[in-house]
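Quick note on labels: first sequence line is chain A, next is B, and so on, each numbered from 1.
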2 protein chains.
Amino acid sequence: MSRVLNGNTNISERTRDKVMEIVKQYNYVPNTLAKGLASSRTYTVGFCYDYTEKQAVSNPFFQMVLQGVEDVVYRRNFLFLMMSMQRDQLDASSFAKVVTERRVDGVLVPTQLFTEAVHSLLLREGMPFVVVGEPMFAQPGIHWVDIDNVQAAMALTRRLIDRGLGQIGIVYDEADKTKDKFVLDRIEGYRRAMGEAGLQAKEATLERLRGMSGNGCGGASQALIFSTESLLLDWLDEADEHPPADSIHLATFDRSPYHRHIKYGVESIEIELETMGIEAADMLFALIEKTELAQPYIKIPAK
Amino acid sequence: MSRVLNGNTNISERTRDKVMEIVKQYNYVPNTLAKGLASSRTYTVGFCYDYTEKQAVSNPFFQMVLQGVEDVVYRRNFLFLMMSMQRDQLDASSFAKVVTERRVDGVLVPTQLFTEAVHSLLLREGMPFVVVGEPMFAQPGIHWVDIDNVQAAMALTRRLIDRGLGQIGIVYDEADKTKDKFVLDRIEGYRRAMGEAGLQAKEATLERLRGMSGNGCGGASQALIFSTESLLLDWLDEADEHPPADSIHLATFDRSPYHRHIKYGVESIEIELETMGIEAADMLFALIEKTELAQPYIKIPAK
DNA sequence: CTGTTAGCGCGTTCAG
DNA sequence: CTGAACGCGCTAACAG
């Protein structure tokens, strides 16, 4: 009986039909748990998320990536489990529990959560995994998918340059720089675009910008690119107190419907979060099925 | 052996210790699947979410509620599964799959997704459930938890009144009104607060407001309360084209860090989404354990 | 109190 | 090609 349901070939037409009929009759639903117990697979993948990140700040990231993941997971007839994890509280997390109990066939881990401790746990348990976002530390055998932040920053910068803006600065946060790889990539992309246009790159933290306030909050820039959205919000706070002298353009990597209602124009670039979720899930399934992967990682270009 | 792990009382100290030692020694991890198969429980609850809702619009709702849910789910040593569902595509949804395969012990369903079809499926399968948000249709035996939107609207309205604003209108969308119960509640709360203050309530759709544009986009109001955030965004779009003649205050029920940077002041009220998640999950566990519930539903007051 | 055994519902043999 | 038996790891019921 299990043979017909699982598409085994060695089955006569007649038997198959007979089984199918009874299946319909009793409207039989296979028990995934039992199936899993017998085949030692769970037909479930896990998605790990940051418990500490309580910010309700417009965070399309989470939802969009999830959307993509769910898409392919559903198509494969899998389900997916959410696993919370507190930073540096690995043992107490439901993530650790799920992995050690082997309640999933593979996991997706956001780069912010992918510490060396997480990595070794995964390795020890032999659990397939894909990191969402480029990992903060390089190690052979780690598969990941990320947005091509260098390329996105170049595109965004070029867009400002094409507008005739020559004085363009980029704002970053010192702490983010060591914590999030994408901040470095965005700065890098900005530099390249400026270099190609023969313009001078100017990088500053919010504090440095404040020091240059003789020229307003923009430090003599016509445009400011914010490496993260929260920096943009911080800058806006300060601009309320000390408005910049000259007109200024703002730009960021996240989109918000509020942008067009801000006093200053806010330019942004579309980042394909959903695609990232899809690619990550596809990669994970390849690992689960031990398919040979063409490449250890994928970078998704922004449009 | 199963007896000691599951906290059975009829066990001698000596045996318990002996078992525990061996457990440590082999660092044994119980297999939840097998446990589930034997006890016909899954130690998992499902959270159903809207697949069609692709809007990355500042939607703290989802995340915040999830946060609360995860909190209590984790504390109970359960896990939770995400189940997508397309509106009016019940059969094809992973929600239906999870429920009929009994891969969870109970589910949480957002009111927007809680149709009669969903209800009868749940009933047929005998699956415990809690609706997140007040259901659109009344039926005995449905348990739900919601924000007290009437109270929240009253609080928000009063806050505007206390500011000395007398001409306060509320904006709603005709379609939302039939689809989302909370819109009705918010209008109701607004009415009450206005009534108590002896002020005249003025309700309008965005279209009606446009008609009154002789007096600007606000229709002679000093303040506008938007029943949903997307309406606020729509209004802002129109205000860019035809700015209101007089100064105007805006108010809404969702918070966004962008609000304070909008040309007009935006007042908002804190809605305790996380609490809603906690209460919903608690209620679900009560149902799963067949505990007697004090009340069929819970309304959470806004601060 | 404790050791033993029969399923839970499937996949996977192994004979026929 | 097909039916039957066994085992996945655990709980629950049954004797001791």
Side-chain angles (χ1 to χ4, degrees), chain A residues 1-46 76-79 81 96-106 125-128 288-290, chain B residues 1-46 76-79 81 94 96-106 125-128 285 288-290:
Chain A
M1 201 259 283
S2 123
R3 285 186 269 248
V4 12
L5 265 57
N6 294 9
N8 200 311
T9 43
N10 287 14
I11 282 259
S12 75
E13 199 67 25
R14 208 168 54 79
T15 319
R16 182 189 307 277
D17 290 348
K18 197 159 61 182
V19 172
M20 285 316 237
E21 188 165 339
I22 298 183
V23 165
K24 283 274 177 289
Q25 187 119 27
Y26 290 76
N27 74 19
Y28 160 86
V29 177
N31 179 321
T32 316
L33 253 65
K35 188 173 173 177
L37 184 55
S39 57
S40 73
R41 310 220 290 129
T42 61
Y43 306 95
T44 308
V45 297
R76 300 252 183 177
N77 251 291
F78 269 57
L79 256 25
L81 259 168
K97 184 178 161 169
V98 168
V99 172
T100 55
E101 285 182 6
R102 315 203 62 75
R103 288 186 64 170
V104 293
D105 295 333
E125 299 290 340
M127 176 69 69
I288 291 175
E289 291 155 4
K290 302 186 197 316
Chain B
M1 200 260 283
S2 126
R3 283 189 271 247
V4 12
L5 264 58
N6 295 9
N8 200 311
T9 42
N10 286 14
I11 281 258
S12 74
E13 200 66 25
R14 209 169 53 80
T15 319
R16 183 189 307 277
D17 289 349
K18 196 159 62 183
V19 172
M20 285 315 235
E21 186 167 341
I22 298 183
V23 164
K24 282 276 177 289
Q25 186 120 29
Y26 289 77
N27 75 17
Y28 161 84
V29 177
N31 179 322
T32 316
L33 253 66
K35 186 173 173 176
L37 183 56
S39 58
S40 73
R41 309 220 290 132
T42 61
Y43 307 92
T44 309
V45 298
R76 300 251 183 180
N77 249 292
F78 269 57
L79 255 25
L81 212 58
S94 66
K97 185 178 161 169
V98 168
V99 172
T100 56
E101 285 182 6
R102 316 202 60 73
R103 287 187 63 170
V104 292
D105 295 334
E125 299 289 341
M127 177 69 70
F285 278 113
I288 290 176
E289 291 156 5
K290 301 185 196 320

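The listed nucleotides are C:dC8, D:dC10, D:dC8; the one nearest the side chain of B:L37 is C:dC8.
Rounding to whole angstrom units, CZ of residue A:R41 and C1' of D:dG9 are separated by 18 Å. We find that CZ of B:R102 is positioned 14 Å from C1' of C:dC8, with the value rounded to whole Å. Between the P atom of D:dC10 and the CZ atom of A:R103 lies a distance of 13 Å, rounded to the nearest Å. Between the CG atom of A:L33 and the P atom of D:dG7 there is a distance of 22 Å, given to the nearest Å. Atom CD of A:E101 and atom C1' of D:dC10 are 13 Å apart (whole Å). Across the protein-nucleic acid pair, B:N31 atom CG and D:dG9 atom P stand 7 Å apart, rounded to whole Å. What separates NZ of B:K35 from P of C:dC10 is a distance of 22 Å, to the nearest Å.
Here the side chains of A:I288 and A:V45 are in contact, with some heavy-atom distance below 4.5 Å.
The two residues A:F78 and A:Y43 come nearest to each other via the heavy atoms CD2-C, 3.2 Å. Closest of all the heavy-atom pairs between A:R102 and A:E125 is NH1-O, 2.6 Å.
Axis orientation changes by 50° from one end of the helix from C:dC1-D:dG16 to C:dG16-D:dC1 to the other, with each end axis drawn from 5 pairs and the value rounded to 10°.
OP1 or OP2 of C:dC10 sits under 4.0 Å from a side-chain N or O of A:Y28.
If you check the side chains of B:T44 and A:R103, you find a donor sitting under 3.5 Å from an acceptor.
In this structure, A:E289 pairs ionically with A:R76, as a charged nitrogen and a carboxylate oxygen lie closer than 4.0 Å.
For the side-chain contact (heavy atoms from CB on, under 4.5 Å) criterion with A:T42, the lone passing option out of A:T32, A:D105, A:L37 is A:D105.
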